[in-house]
Amino acid sequence: MAIRPGREDNMEFDNLITLIKAVSDSKLTQFEMKDGEFKISMGKEKETVIATADSTVTIPAAVPAAGIPAGSEEQKADMAGQVVKAPLVGTFYSASAPDAAPFVQVGDTVAEGQTLGIIEAMKLMNEIESDYAGTVKEILVENGQMVEYGQPLFVIG
């Protein structure tokens with residue numbers, strides 16, 4: 001989509017801002033729109049509702065359904081090694097192409113600065129590099145999964 005100065009572009013921008021505000025206020029969990037080369041992809045965290053005899057509890061997606069705080073999983077991972085976290089929001093890819101081998105697998109030895117995966121955000125591919133040298137102990141996300149800023153991706157031991 002080419003951006004040309006003028007009233008039409010301001011209207012499109014205003015409509016996009018209105019859409020973003022509407023999504024922010026909604027419980028939308030995924031939305032994707034394509035128009036030629038123009039693409040918008042959105043998502044929000046899901047909530048898990050646990051009903052008991054006494055009450056109903058809503059748990060944000062950052063908390064596992066078992067009721068264990070999200071920090072506990074990260075603390076467990078920290079004990080086993082160093083955690084590489086997502087530097088931005090986007091879609092995680094474990095390989096450079098659908099038919100390519102993953103950058104790393106559990107058990108691989110990695111060097112500091114080595115590419116571990118890619119996060120796509122706004123059609124830009126951002127390489128995720130290891131901040132640590134060591135062995136890949138865990139891969140905490142699936143290929144094609146939406147990730148949030150600061151979300152743990154890998155454990156390097």
Side-chain angles (χ1 to χ4, degrees), residues 1-5 9-10 12-48 59-65 69-157:
M1 174 174 138
I3 297 182
R4 298 173 306 274
D9 288 327
N10 288 336
E12 285 183 26
F13 181 75
D14 290 342
N15 288 339
L16 184 58
I17 295 299
T18 302
L19 176 62
I20 290 170
K21 286 179 183 177
V23 168
S24 295
D25 295 337
S26 75
K27 293 189 177 196
L28 182 74
T29 58
Q30 184 63 31
F31 170 79
E32 189 171 315
M33 182 183 100
K34 292 181 184 179
D35 183 16
E37 294 202 18
F38 180 73
K39 176 182 173 184
I40 296 177
S41 182
M42 300 179 191
K44 286 192 79 159
E45 290 183 4
K46 295 180 183 179
E47 294 182 339
T48 303
I59 302 171
V63 178
S72 296
E73 189 67 32
E74 188 174 325
Q75 289 169 354
K76 184 178 110 183
D78 279 336
M79 286 186 232
Q82 301 295 328
V83 177
V84 176
K85 298 178 183 178
L88 70 161
V89 175
T91 304
F92 173 79
Y93 295 107
S94 60
S96 60
D99 57 345
F103 288 106
V104 295
Q105 295 179 331
V106 173
D108 288 354
T109 301
V110 295
E112 187 174 337
Q114 181 175 339
T115 301
L116 302 174
I118 295 173
I119 294 180
E120 176 187 10
M122 298 184 72
K123 292 190 178 184
L124 296 175
M125 299 298 185
N126 302 278
E127 290 186 349
I128 306 308
E129 297 178 349
S130 179
D131 297 327
Y132 316 100
T135 303
V136 178
K137 299 289 185 187
E138 290 183 71
I139 300 175
L140 305 170
V141 291
E142 299 287 325
N143 187 48
Q145 178 180 337
M146 291 291 295
V147 296
E148 297 293 325
Y149 172 80
Q151 179 177 339
L153 305 174
F154 298 90
V155 177
I156 310 294

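Atoms considered below: every heavy atom in the structure, side chains included; atoms not considered: hydrogens, waters and symmetry mates. Position 1 is the first residue of the sequence, and the numbers go up from there.
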Practice task
Using a 4.5 Å cut-off on heavy atoms from C-beta on, say whether the side chain of Ser94 contacts that of Ile139.
Solution key: no
Handout entry: Residues, nucleotides or ligands: over 12 heavy atoms within 6.0 Å of Met122 CE
Key = no
Exercise for the section: Starting from the C-alpha separation in whole Å, work towards a yes-or-no answer on side chain to side chain contact (heavy atoms under 4.5 Å, CB included) for Thr135 and Thr109. Expected result: CA-CA 4 Å; Thr135 303; Thr109 301; 4.2 Å; yes
Return the minimal non-hydrogen interatomic distance between [X] and [Y], and the atom names on each side.
| X | Y | answer |
| --- | --- | --- |
| Val104 | Phe154 | CG2-CE2, 3.8 Å |
| Ser96 | Ile118 | CA-CD1, 4.0 Å |
| Ala121 | Leu88 | CB-CD1, 3.5 Å |
| Pro152 | Val83 | CB-CG1, 3.5 Å |
| Pro102 | Ala95 | CA-CB, 3.9 Å |
| Val141 | Phe92 | CG2-CD2, 3.5 Å |

Using 0.5 Å steps for rounding, measure from the [atom1] atom of [X] to the [atom2] atom of [Y].
| X | Y | atom1 | atom2 | value |
| --- | --- | --- | --- | --- |
| Met146 | Thr91 | CE | OG1 | 4.5 Å |
| Leu153 | Gln145 | CG | CD | 9.0 Å |
| Glu120 | Asn126 | CD | CG | 9.0 Å |
| Lys85 | Gln151 | NZ | CD | 11.0 Å |
| Glu127 | Leu116 | CD | CG | 10.0 Å |

Problem - Tyr149/Val89 under side chain to side chain contact (heavy atoms under 4.5 Å, CB included): CA gap, chis, key distance, verdict - result: CA-CA 5 Å; Tyr149 172 80; Val89 175; 4.1 Å; yes
